[in-house]
Amino acid sequence: MREMANYKATFFKWHVEGGIAIISLDRPERKNPLTFESYAELRDCFRDLTYAEDIKAVVFGSNGGNFCSGGDVHDIIGPLLKMDMKRLLDFTRMTGDLVKAIMHCGKPVIAAVDGVCVGAGAIIAMASDLRLAAPEARTAFLFTRVGLAGCDMGACAILPRIIGQGRAAELLYTGRSMAAEEGERWGFYNRIVPAAELDAEAIKLAKRLADGPTFGHMMTKTMLNQEWSMSIDQAIEAEAQAQAICMQTKDFQRAFDAFVAHEKPVFGGN
């Protein structure tokens, strides 16, 4: 296992508060686009988070009033036009690996979205476990707007499970912008928060999760992802096994002891 409190990021902002890792992209003058380097570093960071015992939850926030403007037009899209098929596939697999890393990192990930959240930025929000939005957040899966398919980075598999097939189809076919209120109504956003309070609310939510049974949260996240491809019978059996494992943890004992003592449990994540 490793610790990441002192992790040094090169292509995005990173700091840790009380076991909560806070990430944001760091090109606010261009509404925080992704580059080849930031894609790869984010992928590797989330992979490392799987083994980081000192990180209990993650907030992926906005910077300068925007979340992410997607892949940088000049630094990514331009070079892609010059690549052969093998190199293009290497790139698209790498971007998909970022989604897999977010979903398999074992930590609850909260997206705090303000302003522009489009393209790969919308995908990062989609891949997060919980999503808070400022009123001015605008989310668009605009891949068809640049002549590509809407099936990027798992969008055709994941987005329908969040907002439904018909709504996902509309967003993925048209590439239109989804307002914050619409996103909340459709279930993409859990809650709308005033922009001035967005970061604080996301950290507050992350702290609540970080103070909880983090081993149990890891199991919850694992089962939420794995059960997509299971039958109901398989899911019930998988959950029986997962819960039996959790019943062997010290946190289960702590919760019982606290209940008997009429106290709030203090979980240890083991």
Side-chain angles (χ1 to χ4, degrees), residues 1-7 14-24 45-61 101-113 125 127-133 161-162 184 187-194 196-228 230 232-270:
M1 309 301 284
R2 61 173 299 174
E3 294 187 352
M4 293 186 67
N6 296 319
Y7 175 80
W14 164 281
H15 73 281
V16 175
E17 296 180 10
I20 300 164
I22 302 169
I23 296 171
S24 62
C45 176
F46 275 98
R47 284 176 172 172
D48 288 344
L49 279 167
T50 305
Y51 307 102
E53 291 189 329
D54 59 333
I55 305 299
K56 311 300 183 184
V58 180
V59 172
F60 202 122
I102 293 171
M103 297 181 70
H104 297 310
C105 72
K107 324 290 183 185
V109 179
I110 301 166
V113 179
S128 301
D129 298 284
L130 300 168
R131 290 163 289 277
L132 304 182
R161 289 175 166 87
I162 299 173
E184 182 188 35
F188 187 81
Y189 287 112
N190 297 88
R191 191 163 77 250
I192 296 176
V193 179
E197 303 170 17
L198 182 62
D199 290 345
E201 281 298 307
I203 293 170
K204 179 180 177 181
L205 178 55
K207 186 177 187 307
R208 177 178 178 180
L209 298 177
D211 289 343
T214 53
F215 183 87
H217 291 333
M218 180 276 292
M219 293 295 283
T220 302
K221 178 163 183 160
T222 298
M223 300 316 296
L224 280 168
N225 292 331
Q226 287 186 355
E227 289 182 34
W228 286 0
M230 293 181 185
I232 294 298
D233 283 355
Q234 289 171 328
I236 290 172
E237 173 59 24
E239 291 190 6
Q241 295 179 24
Q243 207 69 304
I245 293 169
C246 289
M247 288 173 181
Q248 298 179 75
T249 64
K250 294 180 181 178
D251 275 346
F252 187 53
Q253 181 70 51
R254 292 181 183 112
F256 174 76
D257 293 342
F259 178 82
V260 171
H262 302 287
E263 298 173 348
K264 182 178 178 180
V266 177
F267 294 113
N270 62 341

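Note that NZ of K250 and CG of N270 are 5.5 Å apart. Values are rounded to the nearest 0.5 Å. Interatomic distance, CE of M218 versus OG1 of T50, reported as 10.0 Å (0.5 Å rounding). Atoms CG and SG, from D129 and C105 in turn, are 7.0 Å apart once rounded to the nearest 0.5 Å. With rounding to the nearest 0.5 Å, the separation of CD in Q241 from SG in C246 is 12.0 Å. Distance check, rounded to the nearest 0.5 Å: CG of L224 to CD of Q226 gives 10.5 Å. Note: R191 CZ to E184 CD = 9.0 Å, rounded to the nearest 0.5 Å.
In the displayed structure, K221 atom NZ is contacted under 6.0 Å by more than 12 heavy atoms of other residues, nucleotides or ligands. Around atom CD of Q234, more than 12 heavy atoms belonging to other residues, nucleotides or ligands sit under 6.0 Å away. In the displayed structure, R161 atom CZ is contacted under 6.0 Å by more than 12 heavy atoms of other residues, nucleotides or ligands.
Summarising the geometry of P213 relative to F267, their closest heavy-atom pair is N-CD1, 3.6 Å, with the distance given to 0.1 Å. Taking all atoms of both residues into account, the shortest heavy-atom contact from N225 to H104 is ND2-ND1, 4.4 Å. Closest approach of A21 and W14 over heavy atoms only: CB-CH2, 3.5 Å. Closest of all the heavy-atom pairs between A202 and A112 is CB-CB, 3.8 Å. Minimum heavy-atom separation, F252 to M247: CD2-O, 3.3 Å. Taking all atoms of both residues into account, the shortest heavy-atom contact from E239 to M223 is N-CE, 4.2 Å.
Side chain of K56 to backbone of D211: no donor-acceptor contact under 3.5 angstrom is found. Remark: side-chain polar atoms of N190 are paired, donor with acceptor, to backbone N or O of R131 under 3.5 angstrom. For H217 (side chain) and P108 (main-chain N/O), no donor-acceptor pair under 3.5 Å exists by modelled atom type.
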*Walk me through it: do F215 and I245 pass the test side chain to side chain contact (heavy atoms under 4.5 Å, CB included)?*
CA-CA 10 Å; F215 183 87; I245 293 169; 3.9 Å; yes
_Worked check of side chain to side chain contact (heavy atoms under 4.5 Å, CB included) between E17 and I22_ = CA-CA 8 Å; E17 296 180 10; I22 302 169; 3.7 Å; yes
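The closest side-chain heavy-atom distance from L49 to M4 is below 4.5 Å. Residues F46 and I23 have side chains in contact (heavy-atom distance under 4.5 Å, counting atoms from C-beta outward). Between L209 and I110, the closest side-chain pair of non-hydrogen atoms falls below 4.5 Å.
Applying the ring-ring contact (aromatic ring centres under 6.0 Å, His included) criterion to F60, with sequence neighbours excluded, gives F67.
Classification of D257 and R254 as a salt-bridged pair fails, no side-chain N sitting under 4.0 Å from a carboxylate O.
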